[in-house]
Number of protein chains: 2
Amino acid sequence: MRDSVDDFLDQWAALRSDLDLEAMGAVGRLLRLTRLVDKEVGRYFAEHGMERWEFDVLATLRRSDRPLTPKELAANVMVSSAALTNRIDRLAARSLVAREAVPGDRRSLHVTLTDAGRRLVDSTVEGHVRNERRMLAELDAEDCEELNRLLRTLVNTLEGGR
Amino acid sequence: MRDSVDDFLDQWAALRSDLDLEAMGAVGRLLRLTRLVDKEVGRYFAEHGMERWEFDVLATLRRSDRPLTPKELAANVMVSSAALTNRIDRLAARSLVAREAVPGDRRSLHVTLTDAGRRLVDSTVEGHVRNERRMLAELDAEDCEELNRLLRTLVNTLEGGR
DNA sequence: AGCGAATCATTCGACGTCGAACTATCTCTC
DNA sequence: GAGAGATAGTTCGACGTCGAATGATTCGCT
C-alpha cells in the first residue's frame with residue numbers, strides 16, 4: 001500500500017537519487033499526519049462548541065490537578081506567554097478559569113479551573129479520546145504499542161536531556 | 001525509558017483511569033514530536049538564511065519538475081490560496097520564481113523556478129535531508145522502516161480514499 | 001540592609017494566515 | 001451563440017501568535 005508521501009518521494013528519487021528517502025519519508029509523514037490529525041481534532045471540538053486551544057488550556061489544568069502559573073501553562077501548551085495572557089483573558093471572561101494571587105510572590109499568579117471549566121473538560125475529554133482512538137483504528141494493539149515506542153524514542157531525542 | 005508524554009499520561013491515569021492511554025499517548029507524541037521537528041527544521045533553514053515556507057514552495061516546484069499553478073502549489077504545501085499569493089509575491093520579488101501565462105486558460109498561471117531558485121533549493125535540500133536523518137539517528141534501519149510503515153497506514157486512513 | 005540582576009505577567013507592534021468577497025475567465029447547456 | 005454557473009487567482013478585514021519592550025516584584029551578593 002502506498003500513500004501520498006510515496007508519490008512525493010518518487011518525485012525526488014527521479015531527480016536526486018542521492019537523497020535519503022527513508023528519512024524524508026518519516027519526517028514528511030510526520031508533518032502531514034499531524035496536519036490531518038489536527039484538522040480532525042479541530043472538527044471534533046467544533047462539533048462540541050469548543051475550540052482546540054480552550055481544551056488545551058483547560059485540560060492542562062485538569063490533569064495537573066492544581067493551580068498553575070501562566071508560565072507553567074505556556075510550557076505545557078507550547079505557546080508564548082503573550083499568547084497565554086490572551087487565552088486566559090478569554091477563558092476568564094467565560095468564567096471557565098479564574099486568576100488568583102499566589103501567596104508569597106506577587107509577580108506571579110495562579111490560574112484555577114472553575115467548576116464550570118472542570119465540568120466542561122470532563123464532559124469533552126472522553127469523546128475526544130474516543131476520537132483519537134478512532135483515528136488509530138487501522139492499527140492493532142501491537143502496532144499501536146510499537147508506534148508509541150518509536151515516537152517516545154524520538155521525543156526523548158529531540159527534547160534533549162531529560 | 002520514559003518521555004515527557006508519559007508524565008502527562010500518568011496525570012490523566014491518576015484522575016481518570018477510564019481513558020485510553022495508548023491512544024492519548026500516540027496522538028500526544030505525534031503533536032509534540034512535530035513541534036520539536038518543526039523547530040529543528042526551522043533552525044536549520046535559519047542558519048542557511050532561508051525560511052521554512054520558502055523552501056516548502058521552492059522544493060515543491062523542484063520535485064514536480066514542471067510549472068505549477070497556485071492551486072496545485074497550495075494543495076501541496078497545505079495552505080490557503082490567499083497565503084500562496086502572498087508567498088509567490090515575495091519569492092518573485094527575490095527572483096526565485098516567476099509567474100507565466102498558461103496557454104489556453106487566462107484565469108490561471110504557471111509558477112516556475114528561476115535558475116536562482118533552482119540553485120537555492122538544490123544547495124539546501126541535501127543538508128536539510130541530512131538534518132532529518134540526524135533527528136532520526138536513534139532509530140536503526142529496521143525501526144525507521146517500521147515507523148514509515150505505521151505512519152503510512154495512518155496517513156492513508158486520514159486522507160480518506162486514495 | 002541595599003542595589004543590581006533576574007523573573008514574572010502583560011502590553012505593544014508587526015506579521016502571516018484564513019475565510020469571504022471580488023474580478024476575470026472558462027464551460028456547459030439550451 | 002448567449003447566459004448561468006463553475007473555477008482561477010487576488011484582495012480585504014479580522015484574528016492569533018510571536019518577539020521585544022515594559023512595569024512590578026523578588027533574589028543574590030557583598
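Within every chain, numbering begins at 1; the chains are lettered A, B, ... in the order of the sequence lines, protein sequences first and strands thereafter.
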Exercise for the section: Can you sort out which residues in residues 77-97 of chain A have a heavy atom within less than 4.0 Å of DNA chain C? Ascending by number, please. Expected result: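 The answer is A/S81, A/A82, A/T85.
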Fill in the blank from the handout: So, with a heavy-atom separation below 4.0 Å from DNA chain C, the residues of residues 58-73 of chain B are none
Exercise for the section: Tell me whether the guanidinium CZ or amine NZ of B/R90 lies under 6.0 angstrom from the six-membered ring centre of B/W53 and within 45° of its axis. Expected result: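 Geometry flag: set, cation within 6.0 Å and 45°.
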What pairs with [X] under salt bridge (Lys or Arg N to Asp or Glu O under 4.0 Å), at least two apart in sequence or on another chain?
| X | answer |
| --- | --- |
| B/R133 | A/D20 |
| B/R87 | none |
| B/R35 | none |

Problem - A/N148 side chain to A/E145 backbone, donor-acceptor under 3.5 Å - result: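 No.
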Practice task
Could you tell me whether the side chain of B/S108 and the main chain of B/D105 form a donor-acceptor pair under 3.5 Å?
Solution key: no
Exercise for the section: Please list, in 5' to 3' order, the outermost nucleotides of DNA chain C lying under 4.0 Å from any heavy atom of chain A. Expected result: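 Boundary nucleotides touching chain A, in 5' to 3' order, are C/dT7 to C/dT11.
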Mind checking side-chain hydrogen bond (donor to acceptor under 3.5 Å, both in side chains) for [X] and listing every partner two or more places apart, or none if nothing turns up?
| X | result |
| --- | --- |
| A/R118 | none |
| A/Q11 | B/R63 |
| A/R106 | none |
| B/H128 | B/E132 |

When you compare the protein's N or O atoms with those of nucleotides 23-28 of chain D, which come within less than 3.5 Å of each other, and at what distance?
unit_1: D/dT26; atom_1: OP1; unit_2: A/R106; atom_2: N; d: 3.0

Fill in the blank from the handout: By side chain to side chain contact (heavy atoms under 4.5 Å, CB included), B/A98 pairs with (sequence neighbours left out) B/T112, B/T114
Exercise for the section: Using a strict 4.0 Å threshold on nitrogen-to-oxygen distance, state whether B/R119 and B/D115 make a salt bridge. Expected result: no
